[in-house]
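Numbered from 1 within each chain, the chains take letters A, B, ... in sequence-line order.
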2 protein chains.
Amino acid sequence: MADSLTDPKMAEKLDGLRMTKQRKVVYDVVQELAIDHPTASSVYTKAKEIMPNISLATVYNCLETLTEAGAITQVNLHREASRFCPNLQPHAHFFCAKCDSVFDVNLNEQADASEPWNLPDGSKIQEMNVAMRGLCPNCQDS
Amino acid sequence: MADSLTDPKMAEKLDGLRMTKQRKVVYDVVQELAIDHPTASSVYTKAKEIMPNISLATVYNCLETLTEAGAITQVNLHREASRFCPNLQPHAHFFCAKCDSVFDVNLNEQADASEPWNLPDGSKIQEMNVAMRGLCPNCQDS
DNA sequence: GTTTATATCAAGAACTATTCTAATAAAGGG
DNA sequence: CCCTTTATTAGAATAGTTCTTGATATAAAC
Ligand SMILES: [Mn+2]
Ligand SMILES: [Mn+2]
Ligand SMILES: [Zn+2]
Ligand SMILES: [Zn+2]
C-alpha cells in the first residue's frame with residue numbers, strides 16, 4: 001500500500017514535482033489525522049506545529065498538488081469545507097450528523113459500486129463519489 | 001408522483017408553511033429547468049422573468065424551504081454551486097466533465113444503493129448521495 | 001372587519017472557504 | 001555556483017451563501 005511519498009509507486013505519480021519540505025509536512029499531517037478526514041485549516045493548524053512559517057495558501061497548494069498527483073483524495077459533503085483522505089482504496093464516506101465525524105466505508109469484496117446504477121449508455125465514469133449521512137454507532141445510543 | 005405543490009402528499013409535507021407566490025414561482029422554475037439541474041442563480045434569472053421583483057435572497061430562502069419540506073433536493077459536486085432537482089425518486093447524478101451537464105442516473109430495479117457497502121455496525125443512514133463524474137455520451141465522440 | 005401575531009420578503013452587509021496575484025525564495029540540472 | 005523553473009508567502013479578491021434588519025403580507029383571534 002502506497003502510504004508514503006517515498007514509495008516507488010507514489011514516486012512515479014509525483015514525477016516532475018519537487019518534493020518540498022512543505023509538501024512532505026502536509027502529506028504527513030494528512031496521514032497523521034487520516035481518521036479525522038481533516039479540512040485544509042485543520043491541516044494548517046497541525047502543520048504549523050512542525051513548520052511555524054508555513055502559510056495557509058501553501059497548505060491549499062500542497063493539498064491540491066497531492067490530490068492531482070493521486071497521493072490523497074478530496075472528500076466533499078454538502079457545502080462544508082473539503083476534507084482530505086490518504087486512503088487510496090475505493091471507499092465511501094459516512095458523515096455523522098450529530099458528532100460530525102467521518103468514517104471510511106469499504107466496498108464489499110468483489111462488489112462494484114456502480115453496479116446498481118443504470119448508467120447512461122455510452123458514458124464513461126472517471127470518478128465516483130459516495131457519501132452517506134446519518135447517525136454513527138456512538139451517537140445512536142443517546 | 002408528487003410533482004406539484006398542490007399534490008395531496010406534497011401539501012402534507014408543506015404543512016404549516018405558506019404557499020406564497022414566490023415559493024410557487026421558484027418551485028415551478030425548478031420543475032421547468034429540471035433537466036438542467038439549475039443553480040440558485042439560474043433559478044433566480046428565470047424567476048425574474050415571471051416575477052421581476054423577486055430577490056436572490058428569496059430564491060435562496062425558497063429553495064431551502066422547499067428542500068427541507070422534501071419537495072426538491074439539493075445536489076452538490078465538488079465545490080461548485082449547489083444545483084436543485086425536483087425528481088424525488090432515489091437517484092444518482094452523473095456530471096459531464098466536458099460540457100458540465102448533469103444527468104439523473106436511476107437505480108436498477110429492486111437494487112439497493114447501500115448494498116455493496118460495508119456499513120459501520122449499528123449506524124443508521126438517513127441519506128445517501130451518489131455522484132459520478134466522467135464523459136457523457138455526446139462528449140465521448142469528439 | 002379590526003386587531004394582533006406570525007411568517008415571509010427584500011436589500012444589502014457579512015461570512016467562509018477558496019483562489020488569485022505578485023513578489024520572494026528554494027530546488028535542482030548543467 | 002549560476003540559471004531557469006517551480007514553489008512559497010502574504011494579502012487581496014472572489015463566489016456562493018447566509019445573516020440582519022425593517023418592511024409586508026397573511027392568518028388567527030377577537
Ligand atoms: Mn476516506
Ligand atoms: Mn436529479
Ligand atoms: Zn456520531
Ligand atoms: Zn458532456
Sugar-phosphate, base or nothing in reach of B:Ser82, heavy atoms under 4.0 Å: sugar-phosphate

For D:dT18, does OP1 or OP2 lie under 4.0 Å from any side-chain N or O of B:Tyr60? no

Using atom CE of A:Met51 as one end and atom C1' of C:dA26 as the other, report the distance to the nearest whole Å. 12 Å

Scan B:Glu64 against the nucleic acid and name what it touches under 4.0 Å (heavy atoms): base, sugar-phosphate only, or nothing. nothing

Interatomic distance where CG belongs to A:Leu17 and P belongs to D:dT6 [whole Å]: 10 Å

Could you give the NE2-to-C1' distance, from A:His78 to D:dG16, as a whole number of Å? 16 Å

Quickly work out the A:Glu68 CD to C:dT19 P distance and round it to whole Å. 10 Å

At under 4.0 Å, does any side-chain N or O of A:Gln22 touch on OP1 or OP2 of C:dA26? no

Provide, to the nearest angstrom, the distance between the CE atom belonging to B:Met19 and the P atom belonging to C:dT8. 10 Å

Spacing between B:Leu63 atom CG and D:dG16 atom P, to the nearest angstrom: 14 Å

Here the distance between atom P of C:dT8 and atom CD1 of B:Ile54, to the nearest Å, is 14 Å

Under the side-chain hydrogen bond (donor to acceptor under 3.5 Å, both in side chains) criterion, do B:His91 and B:Asp104 qualify, and how do the steps go? CA-CA 6 Å; B:His91 67 285; B:Asp104 279 352; 3.1 Å; yes

B:Arg133 with B:Glu80: basic N within carboxylate O range, under 4.0 Å: yes

Measure CG/A:Asn76 against P/C:dT18 and give the value in whole Å, please. 8 Å

Here's a test of your reading of the structure: between A:Leu56 and B:Leu56, which maps to the more 5' nucleotide of DNA chain D? A:Leu56

Is there a donor-acceptor contact under 3.5 Å from the side chain of B:Thr67 to the main chain of B:Leu63? yes

Please tabulate, one pair per line, each protein N/O and nucleotide N/O from nucleotides 20-30 of chain D that are separated by under 3.5 Å, including the distance.
| residue | atom | partner | partner atom | Å |
| --- | --- | --- | --- | --- |
| D:dT26 | O2 | B:Arg18 | NH2 | 3.4 |

Would a distance-only check, ignoring hydrogens and angles, find a side-chain to backbone donor-acceptor pair under 3.5 Å from B:Asp36 to B:Pro38? no

Under 4.0 Å from OP1 or OP2 of D:dT9: is there any side-chain N or O of A:Ser55 that close? yes

Would you check, one step at a time, whether the test side-chain hydrogen bond (donor to acceptor under 3.5 Å, both in side chains) holds for A:Tyr27 with A:Gln31? CA-CA 6 Å; A:Tyr27 182 77; A:Gln31 283 280 355; 2.7 Å; yes

Pair A:Gln74-A:Ser82, side-chain donor/acceptor within less than 3.5 Å: yes

A:Ser42 and A:Thr45: CA distance, side-chain angles, deciding distance, side-chain hydrogen bond (donor to acceptor under 3.5 Å, both in side chains) verdict: CA-CA 5 Å; A:Ser42 306; A:Thr45 300; over 6 Å; no

Looking at D:dA7, I'd like to know if its phosphate oxygens (OP1 or OP2) sit under 4.0 Å from a side-chain N or O belonging to A:Arg23. yes

